[in-house]
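Notes follow the structure.
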Amino acid sequence: MHTKTVRGIIYALLAGTCWGFSGTVGQYLFTEKGVDPGWLTTVRLLVSGLILLIWAAVRKREQMKTIWMSKETAGRLLFFAVFGLMSVQYSYMASISCSNAGTATAIQYLGEALILLVTCVSMRRLPKITESFGLILALAGVFLLATHGNTNSMVLSGKGLFWGLISAVALMLYTLLPAKLIAEYGSQVVTGYGMTVGGVVLAILLRPWHRTLEADWQVFLGMAVIILVGTVLAFTVFLQSTVDIGGVKAGLLASTETIAAPFFAALWLHTKFETADFAGFVCMLVMVVLLALPDLGITVREKSADQQQNAA
């Protein structure tokens, strides 16, 4: 296997692991340290955004200026910053604070199914066979995580489910909105500005400085991990993996976040998961795989033909 391919695979898996671990760190800060999700998200966006902008200033200084010269481009960037980046970051952290890192991460990946639905509507086509199974698994996964299979009870709080579904919608917007901007100006510029603007808007809306926070070294360490490991490092290695092996394969491998988050939550924070929870995690992971198959050039018909040719 080519060295570049190996690096891409390792980096994509590392990105998913970093995201899963940072979600668990967020759960720790919420449950053990009483940190407010709004305060955490605001600081994360502002600091991470500034770091990425400094990085972009070294490599893409011209793009940092020209992105604001067009009203249409600037408006698109502001829309992405608020309704994409800020929304997905805050709703995900709010979902974790109302449930746990594993459940919040799994429900957020429902956004992949929403992306498929938007794509089908825009292209005026029906979902393919594998895509249809993926959609069914997505609904089954959310159902299992929310009810543990019992239609008469909810094991997930209403707020946890609400913020989880909001994060799924925000993930869809976060994925679809910046495509043209990134192609023209680069991901560092778009994401850096998006995080910084989103952080400023969130600070104005929530005014987290009015909330009392008893910060100790563990809080600062947790914040450093979320910012440096879960945001800057994860973003950097994932970006490189998309160059090495392509965006579809990188995204597929990075979906190991749905496994990493509950793993770290159970191992470190002793979060208890039922059999139905694990079934829900598996449903969401398989859903991601099925939705990625068409983009990987793999279909049920093609696979069968290959098997017949090999048998001959």
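Quick note: numbers below take in every heavy atom, side chains included, and nothing from hydrogens, waters or symmetry partners.
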[X] atom [atom1], over 12 foreign heavy atoms within 6.0 Å:
X    : atom1 : answer
Y174 : OH    : no
L267 : CG    : yes
Y193 : OH    : yes
R125 : CZ    : yes
F143 : CZ    : yes
F263 : CZ    : no

State the [atom1]-[atom2] distance between [X] and [Y], to the nearest 0.5 angstrom.
X    : Y    : atom1 : atom2 : result
I96  : S167 : CD1   : OG    : 9.0 Å
M93  : D36  : CE    : CG    : 12.0 Å
I226 : Q89  : CD1   : CD    : 10.0 Å
S91  : F162 : OG    : CZ    : 9.0 Å
L285 : S255 : CG    : OG    : 5.0 Å
L116 : M287 : CG    : CE    : 9.5 Å

In this structure, would [X] and [Y] fall into the same cluster of hydrophobic residues linked by side-chain contacts under 4.5 Å?
X    : Y    : result
L137 : L144 : no
L135 : L165 : yes
F21  : F238 : no
L117 : I136 : no
V237 : V243 : no

Side chains of [X] and [Y]: does their closest heavy-atom pair fall under 4.5 Å?
X    : Y    : answer
M195 : I51  : no
M86  : V201 : yes
V288 : L252 : yes
I9   : L13  : yes
L52  : W55  : yes
T119 : M123 : yes
K33  : D216 : yes
E62  : T66  : yes

[X]-[Y] side chain donor-acceptor pair, cut-off 3.5 Å:
X    : Y    : result
T103 : N100 : yes
Q188 : K60  : no
Q27  : T271 : yes

Would L85 and V197 count as a side chain to side chain contact (heavy atoms under 4.5 Å, CB included) here? Give the steps. CA-CA 9 Å; L85 241 170; V197 172; over 6 Å; no

Identify the two heavy atoms, one from [X] and one from [Y], that lie closest to each other, and give their separation to 0.1 Å.
X    : Y    : value
C283 : A140 : SG-CB, 4.4 Å
V155 : L145 : CG2-O, 3.6 Å
V118 : L176 : CG1-CD1, 3.9 Å
L156 : S99  : CD1-CB, 3.5 Å
A261 : T105 : CB-OG1, 3.5 Å
A260 : G20  : CB-CA, 4.2 Å

Do NZ/NE/NH1/NH2 and the carboxylate oxygens of K272 and D277 come within less than 4.0 Å? no

Could you check whether R76 pairs with E72 (Lys NZ or Arg NE/NH1/NH2 to Asp/Glu carboxylate O, under 4.0 Å)? yes

Does [Y] offer a backbone N or O that forms a donor-acceptor pair with the side chain of [X] under 3.5 Å?
X    : Y    : value
W19  : G230 : yes
T256 : I259 : no
T41  : P37  : yes

Under 30°, 30 to 60°, or over 60°: which ring-plane class applies to F281 and F273, parallel, tilted or perpendicular?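 Answer is perpendicular, since the angle exceeds 60°.
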
For the pair Y90 and W163, evaluate ring-ring contact (aromatic ring centres under 6.0 Å, His included) and give the outcome as yes or no after the intermediate values. CA-CA 9 Å; Y90 177 72; W163 284 116; 5.3 Å; yes

I115 vs E112, test: side chain to side chain contact (heavy atoms under 4.5 Å, CB included). Steps then yes/no. CA-CA 5 Å; I115 293 172; E112 299 289 341; 4.2 Å; yes

Checking side chain to side chain contact (heavy atoms under 4.5 Å, CB included) for the pair L290/V286: CA distance, chi angles, key distance, verdict? CA-CA 6 Å; L290 289 177; V286 175; 4.1 Å; yes

